[in-house]
Every structure is written in C-alpha cells, then in structure tokens.
Peer 1: 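I am attaching a structure below and will ask some questions about it afterwards.
Since the structure is predicted, the reported quantities are computational estimates derived from the model, not experimental observations. Protein chains get the first letters and strands the later ones, always in sequence-line order, with residue 1 at the start of each.
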There are 2 protein chains.
Amino acid sequence: MVKKKDFVTIKDVAKISGYSINTVSRALGNRGYVKRETKEKILKVASELGYMRNCAASALRTKRSHIVGVVVVDNTNPFYAEVIKGVELEAKKYGYTIILINTDRSYENEEKAIEILLQRRVEGLIITAVQTKNDDLKRLVDEKIPNVIIGSKFDELVTNYVCSDDEKGGYLAAKHLLENNHKKLLLVNAEKYKYASKMRELGVRKAISEINVSAKLEVIYSKDGFDNGYDTFVKFIEKNKTKFEYDGIICYNDVYAFAVMKALKERGIRIPDDVSIVGFDDIYFSSIVEPSLTTVRTDKPKLGAEAFRILMNNIESGSVTELTLPVELVVRNSTIKR
Amino acid sequence: MVKKKDFVTIKDVAKISGYSINTVSRALGNRGYVKRETKEKILKVASELGYMRNCAASALRTKRSHIVGVVVVDNTNPFYAEVIKGVELEAKKYGYTIILINTDRSYENEEKAIEILLQRRVEGLIITAVQTKNDDLKRLVDEKIPNVIIGSKFDELVTNYVCSDDEKGGYLAAKHLLENNHKKLLLVNAEKYKYASKMRELGVRKAISEINVSAKLEVIYSKDGFDNGYDTFVKFIEKNKTKFEYDGIICYNDVYAFAVMKALKERGIRIPDDVSIVGFDDIYFSSIVEPSLTTVRTDKPKLGAEAFRILMNNIESGSVTELTLPVELVVRNSTIKR
DNA sequence: GTGAAAGCGCTAACAC
DNA sequence: GTGTTAGCGCTTTCAC
C-alpha cells in the first residue's frame, strides 16, 4: 500500500493562521460569530494550504453524511438511468451526493445494498424495488430510516412513494386504440405481482368498459427485459398458429414494445398497417425506431428529482408523501386509425 | 429536523457483552487475536442489538473510505451507463461503493465533481473526461490522487488509462466497407479535439491507404448526442444539394449512426441499398433498429471493471497502467456488398 | 468574538 | 488474548 499524502486539516490552518481550531472551524463552516477580518485571513490561509474539508469527519460529528443511497434494478435500463440522473441533479443542488447500487432484479442484492448503504450512514434511501419480496423495505420503515420508493406501492408499507400515473397511462393507451377503432387488443404486460403491471392493466380494462365493451382483450405476462419480452411474445404467437388476430398491442413498456415489433417484423406482420403498437415510458429510442413508437410518456428525471425532494422533507420534518406524476400519450407512427 | 434514532455502537456492544471496546472491535473486524468463543459471544450480542458498523468512523480512523468516485459525462448515455455498471459490479466485489456524478459535458462541472469527491475522501477517481480542458485532471496527477481515465488519453498526463482500441475500430469499420467495394466514404466524426475521434479517423485513413487508396473519404465533425449529430449531418447533406453521393458512412458511434439513419430515411435514401452505415460501440439498441446496425463493438462493462481494478492496483502499489481493450466488428444489416 | 475541552465511533499501539 | 489509551478531523457546548 502506497503511502498517501495527508490532507491539510483544520488544525494546520489554525496553526498557520494563528487562530484556534474552533475559530477556524467556524470561519470555514460559515457558522457562529467570526470577525469579518478574521474570517478573511483564515480563508486565505486555508486556500493557500489547499485545505479541503473532510466530509467523513464532519459526518461523524454531526451525524449527517449528506449522502443518499440510490438502489435501482439496473442503471443501464434507460428508464432507471433517467431517474438516477434526476436524483443526482437534484441532490447536487442540495449539496448531497449519491451512492448508486444495482440489484439486478435480485431481492438478496437489494437487501445487501440497503445494508451497505446503512453502514455508510446515508441519510436516506431512494429505491426502485425488486418487488418479489419487501422485508428489507419493511425494516427501513419500521426503523424509521428515511426512504422513498419509486415506481411501486405496497399496501402494507406506509412510506414515501413516487409513481407515474400507471392506471391513467394504461387507460390512455387503450383509449387511443379504441377510439381509433381497434377491436382486438393484446396487452403484453409485465409480471402480475408488479404494481405498475397491475395498475396499467386496470387502466386498460377501464377504458374498454367505458369506451367499447365489445372490444376483445387478451393479456399475457412476461418477465422484464427485451429478451424475455421477445421470448414470451414469440411463444404466444407461435402457439396461436392461426393467423395473427390482434389489431392493437399495448406493451408494458417501450422495451417490450421493441421486442414485440421485432417479432412481428420477422413474421412479415406490418406495423401499423396490420397491427398498432403502443408502448409505455417514452424512452429515448422510442422516437428513433422505425416506425416511431406511440407511447405513454412518463417524466423520468422528475420522478427522480421529486423522490429526492420528498426524501429531504421526510428527513427534515418526518412528513410522509405519496406522489403520483401525470403521464401523457405521445402519438407517433406505430398506431393508425382503422 | 426530526430526531433520528442513534445507531448501536461498538461501545454498546462492549458494555452488554462485558468485553472491552477494543476486543469487540477486533472481533467485529476479524482482526487481531480474539478467542473463538469470545468472538462468537460478541457477534451474538452485536447481532441481537442490531449493530451496524459506521463506515464514516472507521474511514476517519483508517484513512480508507472504500469509496471511489465515478465521474461521467452523462449516465443516461447507454455507453456510459454500461461502463458505470461495470465499475459498480467490480467495486462491489472489493467491498467498495461508488459515488456517481454527471458532468453534462461541462468542464466546470467536472472540476466541481472532483472537488466534491475529494472532500468525501474517495480513495480514487474513475473519470470519463470532458476533454475540453484538463487542468483538473492534471491536478489529480500532480497531487498523486489515484485516478483512471476512461476513453481518452492526454499526452501530457502520465496516469492510468483504459480505452478501447479506437484506431483498430476505425480501421475495421473502413476495411469492412472497402472490402465490400465501397468507394465513396463519409466519416461522421465527433469533435476533432476528442481522443477517440482522432484515433478512429486515423484508423479509417489507415485502412484506405492499405486497402484502396483510390477510395474517396470525406469527414465531418459533430458535437455529441443524437440531436447534434442529426443537425450536423442534415446541414451537410442539404449543402451538397446534388444527389447524395456516398456509398458508405462510418459514424463516430451508434447514436450518431441512428441520427444519420433517421435523416437518410426522411430523404428516401435507402439503407443499405443506397448507402451502408457502420456505427461504433454496439449499444443495446443497435441490434434492434431497422435495419440492424453494423458496428464496432466495445466491451463497455469491461472498460469499467478494468478501470476499477487498475485503480485498486494504483492505490495499493502505485503502479501506472495504460490498457487498451480489443474491439470487434459486428456485421448486421446496415451494410451490404456492392 | 474567540478559545479550551470534550467527544462523534472507530482502530492502532502498546501494555499486561 | 484482552484491556488501556490515544487520536483520526471535525463540531459543539461553554467559558472568557
């Protein structure tokens, strides 16, 4: 282990400037009474010496680390990437930094991540939950460790939540198709246990019951990710060997939509001529793919930024907030009037 | 500010277990001599009390934070997202966590990010540099603060580097087109000052000089990102009002390639029938777009993982490493034999 | 306004 | 093997 140069401490600044450690601390921390002139002198010495405060030390003393933990399923997923960015940007404004940990959809990893972050004494956690189990989250709530959950809700856990309006989103997607005279819908949903999956399906069904009860709806459920979505969908259409019989497909999210589009193209089924596709999230590539994807847009950076702000409120005042952000339908070229 | 429950400390564990603080510390830290039996008792008490080590405290004492700072241009860029993931995964194995900061392509932000991370006493930094200026990096090197730079090199800075073989990549892309009888190439490159931009262009030129010196090459330079790439390219082809005259386009990266593809499609120029397109990076969506993109694949998670490992080596032994990772051409449907 | 002294939770040296 | 003591760099009383 290479010897590392010691950093300049407040003590060094005190010695050189001739003031006490304490006065230096106050001057540097903009806190308590310090004569203007004294402060200037101290700041000068500090900057000359290249002083940099040691956050770990002040965190230890003040019990405020100014760090928040961010636990996500997968930071390479464009949706989470944007959420993370939202958190990071907002955190920066408040003088906070974020420690990022991926769980790769594993509950055990989620549990471990939380453990690690607590050891680091993060002031709070922002979590996009794996949702297969939630004992780890329950523990946070029980121990009153500030936390915000993004993108899902658990009835049994009273805590801070930030979600998109998933039900409304499902509703808008289905409404768009129904109003454009689609009659045979397929919903390629995520796994049933997921909150967003349930809500989006609810919205779809509501639209049907309101707008056209005679429209047909079939629902299939797929694990997360492009490959799983592709496999599930392909298996489904291969089983129904007869002609492909849907005129509109609503997908759990844009990545699923891409998978569906790929499978359809491979089979010579044209989009949107033969079948319309609607996605969810409006990730970056949705406007680029061919045809560009009609989708329900969620405000991902805002999801992150609001989560951070709610976390701060929770830390400061103990307030508990459930926030649902609006969604909007973005119509592009993957859907058509029939 | 809500009062927060104090965490259990080593002192509490000492009191309850009847051993000294020190013995407890050793037992919990797996360090020094502790009788097996004693250790078990202590661990039992610790777990009953819900003890969790305070990393900030031990970091202060040992001067090892077990944190590394990760500074990227933009975590939502699929390339960086994968690099980050590689770092994070590797860091986890070593018991490290990462603090992530975005710079949004601003040198000032990069400088600030480094400042913040140093205050947090990260053990080292992994940086994808903005490259417009590098005084901040120079400072790191001068002050011997462990750091690894990903994706670019600076002649004047002797430090750790991890890059993909950009020159080889450019070479492979051009070779592929030339060998498939393309004669009029366009390189849509990133800004000239960028390391990867220079190297990739070098590779392209080398291929031409080796394989077909009579092939034409034009180069245009664009700022980063889809929108900039699109604008630059459109402006370029609008200027050349005559018929579009290239039979192969090599793009700085896949995102540029998507932008180019979009602009071409809008003008009824067919890919690959009229013009072939080659990208760089092989991000996730490159296999999904239509037509799927021929591209030079870089191993992004490995770039991150290796950067972390090199950082560890540098911290432990002071070793300085420059690593270039191999690239490979992935041929898909955006290129064709002429 | 400024300084002295205590202590955050932990680990390292050194006794015993 | 275990305990005593000091101290990492900072902030927080509380004197003066």
Peer 1: Output the rounded distance in Å from CG (A:Asn54) to C1' (C:dC8).
Peer 2: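 So the CG-C1' distance, A:Asn54 to C:dC8, works out to 13 Å.
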Peer 1: Assuming nearest nucleotide by heavy-atom distance, tell me which of B:Cys55 and A:Tyr33 is located more 5' along DNA chain C.
Peer 2: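 First, find each residue's nearest nucleotide; the 5'-ward one identifies A:Tyr33.
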Peer 1: Should A:Glu108 and A:Lys112 count as an ion pair when the cut-off is N to O under 4.0 Å?
Peer 2: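 A salt bridge is absent here (no side-chain N lies under 4.0 Å from a carboxylate O).
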Peer 1: Measure CZ/B:Arg121 against P/C:dC10 and give the value in whole Å, please.
Peer 2: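 Checked: the CZ to P distance equals 20 Å.
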Peer 1: Send over the distance from B:Leu28 CG to C:dG9 C1', rounded to a whole Å.
Peer 2: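 Atom-to-atom, B:Leu28 to C:dG9, this comes out as 12 Å.
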Peer 1: To the nearest Å, give me how far apart CD (A:Glu40) and P (C:dG1) are.
Peer 2: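 The distance from CD of A:Glu40 to P of C:dG1 comes to 14 Å, rounded to the nearest Å.
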Peer 1: Within this structure, what is the OH-to-C1' distance between B:Tyr19 and C:dC10, rounded to whole angstrom?
Peer 2: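 Taking OH of B:Tyr19 and C1' of C:dC10, I get 21 Å after rounding.
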Peer 1: Any salt bridge (charged side-chain N to carboxylate O under 4.0 Å, His left out) pairs touching residues 6-26 of chain A, not counting sequence neighbours?
Peer 2: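 Listed by first then second residue: A:Asp6-B:Lys63.
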Peer 1: I'd like a table of donor-acceptor pairs (distance under 3.5 Å, sequence neighbours excluded) in which one partner is a side-chain atom from residues 49-59 of chain B, with atom names and distances.
Peer 2:
unit_1	atom_1	unit_2	atom_2	d
B:Asn54	OD1	B:Ala56	N	2.9
B:Asn54	OD1	B:Ala57	N	3.1
B:Ser58	OG	B:Cys55	O	3.3

Peer 1: In whole angstrom, what separates B:His66's NE2 from C:dC10's P?
Peer 2: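 From B:His66 NE2 to C:dC10 P: 15 Å.
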Peer 1: Once each nucleotide of nucleotides 11-16 of chain C is scored for protein heavy atoms under 4.0 Å, what B/S/- sequence comes out, 5' to 3'?
Peer 2: BBB---
Peer 1: Kindly write out the residues that satisfy salt bridge (charged side-chain N to carboxylate O under 4.0 Å, His left out) with B:Glu191, not counting sequence neighbours, or none if the list is empty.
Peer 2: none
Peer 1: Rounded to the Å, how far apart are A:Lys41 NZ and C:dG1 C1'?
Peer 2: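 Checked: the NZ to C1' distance equals 13 Å.
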Peer 1: Between which nucleotides of DNA chain D, read 5' to 3', does contact with chain B run, using atoms under 4.0 Å from its heavy atoms?
Peer 2: D:dG1 to D:dG9
Peer 1: Enumerate the residue pairs fulfilling ring-ring contact (aromatic ring centres under 6.0 Å, His included) with a member in residues 76-132 of chain B, sequence neighbours excluded, ordered by first and then second residue.
Peer 2: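 For residues 76-132 of chain B: B:His66-B:Tyr96, B:Tyr94-B:Phe308, B:Tyr96-B:Phe308.
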Peer 1: Side chain to side chain contact (heavy atoms under 4.5 Å, CB included) with B:Leu140: which residues, sequence neighbours excluded?
Peer 2: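 With neighbours one apart ignored, the set is B:Ile114, B:Leu118, B:Leu125, B:Ile127, B:Leu137, B:Ile145, B:Asn147.
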Peer 1: Who pairs with B:Thr62 by side chain to side chain donor-acceptor pair (under 3.5 Å), at least two apart in sequence or on another chain?
Peer 2: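 With neighbours one apart ignored, the set is empty.
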Peer 1: Among residues two or more places apart or on two chains, list those pairs meeting salt bridge (charged side-chain N to carboxylate O under 4.0 Å, His left out) that have a residue in residues 92-104 of chain A.
Peer 2: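 Sorted pair list: A:Glu88-A:Lys92, A:Glu90-A:Lys93, A:Asp104-B:Lys85.
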